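Every value quoted in this text rests on a predicted model; they were computed, and no experiment measured them. Every chain is numbered from 1, with letters handed out A, B, ... down the list of sequences.
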Amino acid sequence: MRTKIKDILTSEQVDYSVNLKGWVRSFRNNQFIALNDGSIIHNIQVVINPETTDESLLKSIQTGAALSIEGTVIASQGKGQTVEVVANSVTLLGECNPEEFPLQAKNRPSLEYLREIAHLRFRTNVFGAVFRVRHSIAYAIHKFFNDKGFVYLHTPIVTASDAEGAGEMFRVTTLPFDNPPRLENGEIDFTEDFFGKSTNLTVSGQLEAELAAMAFGEVYTFGPTFRAENSNTTRHLAEFWMVEPEVAFNDLEDNMNLAESFIQYIIKHVLDNNMEDLKFLDERLINEEKQKPANERSEMGLLEKLQFVIDNQFERITYTQAIEILLQSKPYQKKQFKYDVAWGIDLQSEHERFLVEKHFKKPVIVTDYPKDIKAFYMRLNDDGKTVAAMDILAPGIGEIVGGSQREERLDHLTKRMAEMDIPTAEMYWYLDSRRFGTAPHAGFGLGFERMVLFITGMTNIRDVIPFPRTPKNAAF
RNA sequence: UCUUCCUUAGCUCAGUUGGUUAGAGCACCUGACUGUUAAUCAGGGGGUCGCUGGUUCAAGUCCAGCAGGGAGAGCCA
């Protein structure tokens, strides 16, 4: 029966036998093995007697090797740790050639280099911490919604809808790409394709979630999402995970309250359950920021920031108020913004960053955007110019949540779709929800990896997903 | 996709106004030591300077193209 290193290190007990299995992080003095099994960020010190250990076995205890160890947990005889394991026997499970294994204890591989060996980077402290936290966030999401009585809805990965307008899509087809069947006018004949129509990978599960919300009341999706945009930034992936709650009878205010309590719940869960990893990530961030000039360093440490977010309410302003604040801001008056500010523009990154990082210094919820810069399904406000949308902007990340109250009035919805050239005929299944017992409802989408970025303090989204899919990169 | 920067040993990086056999630290190998804490000490091996072409008596260094990567931006979650 294997004992996890986490259980040994978090227990005060000594003088009991254990079987440990894990991977060697370092081997000092031919006598001290730092062993890690991924259950906790810390290693356990295993002490062996070099006199009584077979010489070829001794040589095989190299960084990265997998070992099984029978031994006894004792109070440490040396400084630096409270308990250690004295080995009775050591078994080599898998050797690790040190001339080829890149993760040697004293190497300082960059995050960029580790990204190129993403299949091995789990064996480092940084990525161990990041992916344990990622798991914990995913668990907290399910727990939050489950405890509130939401139904977890699996929306399709392959969709036929091309009307959502959420960016470029990956096509799904079994047609031969070198010689597809064609119609008389030369266009590709998708009636011969697998699904009998043109299909692609989902860009959002929202429209389907709305249908289920109109039956269960409260649902959420949590699944992979795909965008074929040629985006090369620290906060975009071609394949990412998105959480999309959708709630019948909620208005915009209810929606904001749900989103805010949701984010605070997740952060609290991680603070309560992953403090060892967070402490390590906090120190990592401090060290990384030492490289930066003083004026670019963040004002708060990671732990401080997370505590701040759960202790303080998010700032809530309308789009119109946001524009006014920007027009009166120093950077605007000194002409330091690259993009002009006027009512009707889409807020640019520099504008969002000013509001969040300089003006309010906390997460900000911006509501009631002009209808022309938002999606067709958002509910038209009484002013006829704005829609009941809300974006949550987070320091260092930008938009982490985008949501709205949905347009439940059939006539308003079809009018808006016509204005935006969205074909209503093939969206009959969506419009049916407004024909048969329509009701006010609202929901939002949260970018899961952006949440992981925010909580771990990592700065590149490729470092918070196990196998990142980005333009020109789908290795492993 | 645009702007900009980068690519030299397994890793992290130096490399002068273009000028002899291209360097360091760590890793690795050999030996020593044995209660160490990214162990330490001594010695050793290791490079088609991203690729292709050009300028030049001479290119890691200058120029062009290509590839890969980073940081911004756009699009968005």
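Applying the side-chain contact (heavy atoms from CB on, under 4.5 Å) test between R115(A) and each of N473(A), N460(A), T470(A) identifies N460(A) as the sole match.
Closest approach to the H236(A) side chain among G74(B), A38(B), G35(B) is made by G74(B) (side chain taken as heavy atoms from C-beta onward). In this structure, of G35(B), C28(B), G74(B), it is C28(B) that holds the atom nearest to the side chain of E99(A). Set against U36(B), G74(B), A38(B), the side chain of S349(A) has G74(B) as its closest nucleotide. Side chain of E84(A), nearest nucleotide from G35(B), A77(B), U1(B): G35(B). Taking only side-chain atoms of P109(A), from C-beta outward, the nucleotide of A73(B), C76(B), C11(B) with the closest atom is C11(B). Side chain of Q104(A), nearest nucleotide from A27(B), U34(B), G35(B): A27(B).
Taking 3.5 Å as the limit, the base of U40(B) and the side chain of N29(A) contain no donor-acceptor pair of atoms between them. Looking at Q81(A), its side chain comes within 3.5 Å of the base of U36(B) through a donor and an acceptor atom. The base of G68(B) does not come close enough to the side chain of E112(A) for any donor and acceptor atom to sit less than 3.5 Å apart.
Below 30°, between 30° and 60°, or above 60°: for Y319(A) and Y369(A) the angle between ring planes is between 30° and 60°, a tilted geometry.
Using a 4.5 Å heavy-atom cutoff, the side chains of L92(A) and E95(A) are in contact.
A donor-acceptor contact closer than 3.5 angstrom is absent between the side chains of T225(A) and W241(A).
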Under the ring-ring contact (aromatic ring centres under 6.0 Å, His included) rule, what do F122(A) and F131(A) come out as? Steps first, then yes or no, please.
CA-CA 8 Å; F122(A) 301 112; F131(A) 292 119; 5.4 Å; yes

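Across all strands shown, U1(B) pairs with A73(B); the Watson-Crick or G-U wobble distances both stay below 3.5 Å. Both distances falling under 3.5 Å, in either a Watson-Crick or a G-U wobble arrangement, place U52(B) opposite A64(B).
Phosphate contact (OP1/OP2 of A71(B), side-chain N/O of T234(A), threshold under 4.0 Å): absent. For A39(B), one of the phosphate oxygens OP1 or OP2 lies less than 4.0 angstrom from a side-chain nitrogen or oxygen of R28(A). Applying the 4.0 Å criterion to OP1 and OP2 of C76(B), one finds that K374(A) has every side-chain N and O outside that range. The phosphate of C29(B) has OP1 or OP2 within less than 4.0 Å of a side-chain N or O from Q62(A). Taking only side-chain nitrogens and oxygens, S26(A) comes nearer than 4.0 Å to OP1 or OP2 of A39(B). In this structure, K472(A) does not reach the U1(B) phosphate: none of its side-chain N or O atoms is under 4.0 Å from OP1 or OP2.
Taking the 5.5 Å centre cut-off and the 30° plane limit, the aromatic side chain of F240(A) is classed as stacked on A77(B).
As rounded to whole Å, 13 Å separates atom P of G72(B) from atom CD1 of I461(A). Put simply, CG on D463(A) is 9 Å from P on A71(B), counting in whole angstrom units. Protein atom CZ of R353(A) is 13 Å distant from nucleotide atom C1' of G74(B), rounded to whole Å. Remark: P of G25(B) and CG of N107(A) are 15 Å apart, rounded to the nearest angstrom.
Where E399(A) and Y339(A) meet RNA chain B, the nucleotide closest to each residue was compared, and Y339(A) sits on the side nearer the 5' end. Between R115(A) and A105(A), the one whose closest nucleotide on RNA chain B sits nearer the 5' end is A105(A).
With P as the reference atom, C2(B) and G45(B) are 48 Å apart, rounded to whole Å. When the P atom is used for both G18(B) and C28(B), the distance is 39 Å, rounded to whole Å.
Using modelled atom types, one side-chain atom of D254(A) and one backbone atom of D251(A) make a donor-acceptor pair closer than 3.5 Å.
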